[in-house]
Number of protein chains: 2
Amino acid sequence: MRFHSPAIQYFHAVRRTGSIRAAARVLNVASSAVSRQILKLEQEVGSPLFERNARGLTLTTVGEMLARHVMNVLQDLDRFRSDVASLSGAWSGTVSIACIESLTESVLPDLIASHRGRARRVSFTTEVKGSSDVLESLSRGEADIGIAMALRHPPDLRQVALKRFRLGAVVAREHPLARRKTVTLEQCLAFPVINALPELSIYHLLQPLIAQLSETPEPAIQANSIDLMRELAARGVGVAFQTQLGINRLSRDGQLVFLPLDNAGSPVWSDLGIYVRAERTLPAYTDSFLQELVRELGERERRENAAYPPTS
Amino acid sequence: MRFHSPAIQYFHAVRRTGSIRAAARVLNVASSAVSRQILKLEQEVGSPLFERNARGLTLTTVGEMLARHVMNVLQDLDRFRSDVASLSGAWSGTVSIACIESLTESVLPDLIASHRGRARRVSFTTEVKGSSDVLESLSRGEADIGIAMALRHPPDLRQVALKRFRLGAVVAREHPLARRKTVTLEQCLAFPVINALPELSIYHLLQPLIAQLSETPEPAIQANSIDLMRELAARGVGVAFQTQLGINRLSRDGQLVFLPLDNAGSPVWSDLGIYVRAERTLPAYTDSFLQELVRELGERERRENAAYPPTS
DNA sequence: CATGTTGCTGCCGTTTCGGCAACGGCTATA
DNA sequence: TATAGCCGTTGCCGAAACGGCAGCAACATG
């Protein structure tokens, strides 16, 4: 099912690999063939598509425009293929997800497991990275669905849903704070805390609040892994900060306690966005998973709001 | 700039013309070439794309799926072309509009004239037809922007905006009703009326109301042209019904009077929708006109609401 | 200076494409 | 019922496009 000109595919491969010879290796063709197709494309467009550096190729402005078009074509071709396949009852394909770490503890594994239980032929690729990298993966067409902190997103992405979760302190069962219902930042800073490094969005949520306090915070542990911070908290090393999404299992076991943060009477929100390339129609099997993801996150948001009503 | 496989274009032409030989004439190639490309496509997809009738070809289900993909590709190619062209400052292209008759009197000619004044290189194609035909034109990719009565629209279209206008009676200056501020349907039916035929949406707006009345309406003139009905009303032949959009010029001349309909104390709304194919990004020059169209219709809606506040 | 990598270009065999003419199937018309 | 006019398809053949191979100059790295 390759009814698109080879030039399209070659261009796409060159853009991804950043080099003609590398693209040729991936495509299993001679590099001369790839080179010629690119030259032919540039001749037809009437403008160079790549800047030739000694170390490889970089897209020009026109090249980026063509890349956008080619991505639209290839992604829509994927959707067409899945549409045809689903006619004969074969629901198969790969859902590619890029997301931040908060989801890896329970949300994503639960969802994927349950989805695979129903649709065995659908496979998954997941990549965990920072929020801005998630958005970039989507823009570059390397992922189908992205979950990231809801910052400003580029116009070529569409925010499918926005869910807000309370940021809270996470402490071991035996921690002096564990009996409280909510905590303030000051109360936490009286104990050793496990701080997020700037690459985690939690840092940017808490830093402005910490800056407002008069006291200098206790010397603390710093980390860039939510998983690690959670495990440290479980071992009683200190107070960690994150949303309830990441401590589902351990809090059910009773090892960890989640205490919603109370900042001068109002909650501290962590906004989670679900993103998709705007200029694109998802294949049926991808869209199906997306719907479940949105529903599940909505459900968790609702449950959390019920458990910790945003009192003032 | 033809970097897409000929099969794509041939398929598109065959779908539009409904025949291989007709497509070949349009494409200036031998019919055998077209036939072969179609056969090759069907072989690659693994399923027939057309049903061969004696009189030509009809799309199969898989064929319609491919048609959707091909339309997405070709329309996005158009956008890419315009993006590249706008880099060199050349804003040129053709905006294709399908709309219902209500817009032809002032909205559309005003907008097109003013837009052409600013962007000389942008040309227009407009086709006036019934609401359902407008939507179909859009779905088939024969128009870029559609304006129709806001009924239920197929899922492959996106409603960019929804504007509501009051339906009213239109009478000549000398008509006995002309002095009133508003009129009820009963008051109108006391005079000869110019009725819309079922092909016009006005018919479907008024028919349910007329059916509720006890009296049998006066024998009346029936027509399927808003233009004709307006001119008949201007000549004092009877009372016509339409929105204020269509009588801009003649009411400014004082020849015609617009009287908002009052149906048991509430207005009768005529909902106008602006539509675009959902799976598509418009070229810059088309989007620019679309924005103006939405703004202008919003402006008229606002002005009309100010002139005839929806009293109860 | 040697080595490795990059993109590009003749040369040439293979594949694909398109034009021409002819065939069988069908419809409408005389 | 015969005929003329469509229709899509197929064999044949020249032309164009494609891809592989080997070699080129330019540049970076050690």
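Protein chains get the first letters and strands the later ones, always in sequence-line order, with residue 1 at the start of each.
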For DNA chain C, which residues in residues 19-28 of chain A have a heavy atom at a distance below 4.0 Å? Ser19(A), Ile20(A), Arg21(A)
Would you say that more than 12 heavy atoms from the other residues, nucleotides or ligands in this model lie under 6.0 Å from the CZ of Arg118(B), or not? yes
Across all chains, not counting sequence neighbours, the side-chain hydrogen bond (donor to acceptor under 3.5 Å, both in side chains) partners of Tyr10(A) are none
Looking only at non-hydrogen atoms, find the nearest pair between Ser123(B) and Thr94(B) and report the distance. OG-OG1, 3.1 Å
Span of DNA chain C engaged by chain B, first through last nucleotide within the 4.0 Å heavy-atom cut-off, is dC17(C) to dT27(C)
Atom pairs and distances, side-chain donor-acceptor, residues 20-38 of chain B, under 3.5 Å, sequence neighbours left out:
none

State whether the distance check finds a donor on one side and an acceptor on the other, under 3.5 Å, for side chain Ser32(A) versus base dC21(D). yes
Residue list, side-chain hydrogen bond (donor to acceptor under 3.5 Å, both in side chains) with His153(B), at least two apart or on another chain: none
Start with the C-alpha distance between Arg277(A) and Asp144(A), add both sets of side-chain angles, then the distance that settles salt bridge (charged side-chain N to carboxylate O under 4.0 Å, His left out), and finish with yes or no. CA-CA 7 Å; Arg277(A) 270 201 80 221; Asp144(A) 303 321; over 6 Å; no
Judged by each residue's nearest nucleotide on DNA chain C, which is more toward the 5′ side, Arg2(A) or Ser31(A)? Ser31(A)
Using C1' atoms of five pairs at each end, report the bend of the helix from dC1(C)-dG30(D) to dA30(C)-dT1(D) rounded to 10 degrees. 30°
Nearest nucleotide by nearest heavy atom, which residue falls closer to the 5' end of DNA chain D, Arg36(A) or Arg36(B)? Arg36(B)
For residues 76-99 of chain A, which residue pairs qualify under salt bridge (Lys or Arg N to Asp or Glu O under 4.0 Å), counting only residues two or more places apart or in two chains? Asp76(A)-Arg79(A), Asp78(A)-Arg81(A), Arg79(A)-Asp83(A), Asp83(A)-Arg68(B)
Residue pairs passing the salt bridge (Lys or Arg N to Asp or Glu O under 4.0 Å) test where at least one lies in residues 131-140 of chain B, sequence neighbours excluded: Arg140(B)-Glu142(B)
Results of side-chain hydrogen bond (donor to acceptor under 3.5 Å, both in side chains) for Ser132(B) - residues two or more places apart only: none
Pairs touching residues 42-53 of chain A that satisfy side chain to side chain donor-acceptor pair (under 3.5 Å), sequence neighbours left out: Glu42(A)-Arg52(A), Asn53(A)-Thr58(A)
Which residues pass the side-chain hydrogen bond (donor to acceptor under 3.5 Å, both in side chains) test with Gln159(A), sequence neighbours left out? Tyr275(A)
Mind listing the residues from residues 38-61 of chain A sitting with a heavy atom below 4.0 Å of DNA chain D? Number order is fine. Lys40(A), Ala54(A)
Give me the ring orientation class for His4(A) and His4(B): parallel if the planes are under 30° apart, tilted from 30 to 60°, perpendicular past 60°. perpendicular
Show, in sequence, the C-alpha distance, side-chain angles and deciding distance for Ile112(A) and Thr126(A), and conclude whether the side-chain contact (heavy atoms from CB on, under 4.5 Å) test is met. CA-CA 10 Å; Ile112(A) 294 181; Thr126(A) 67; 3.8 Å; yes
Give a yes/no answer on whether the side chain of Gln37(A) brings an N or O atom under 4.0 Å of OP1 or OP2 in dG19(D). yes
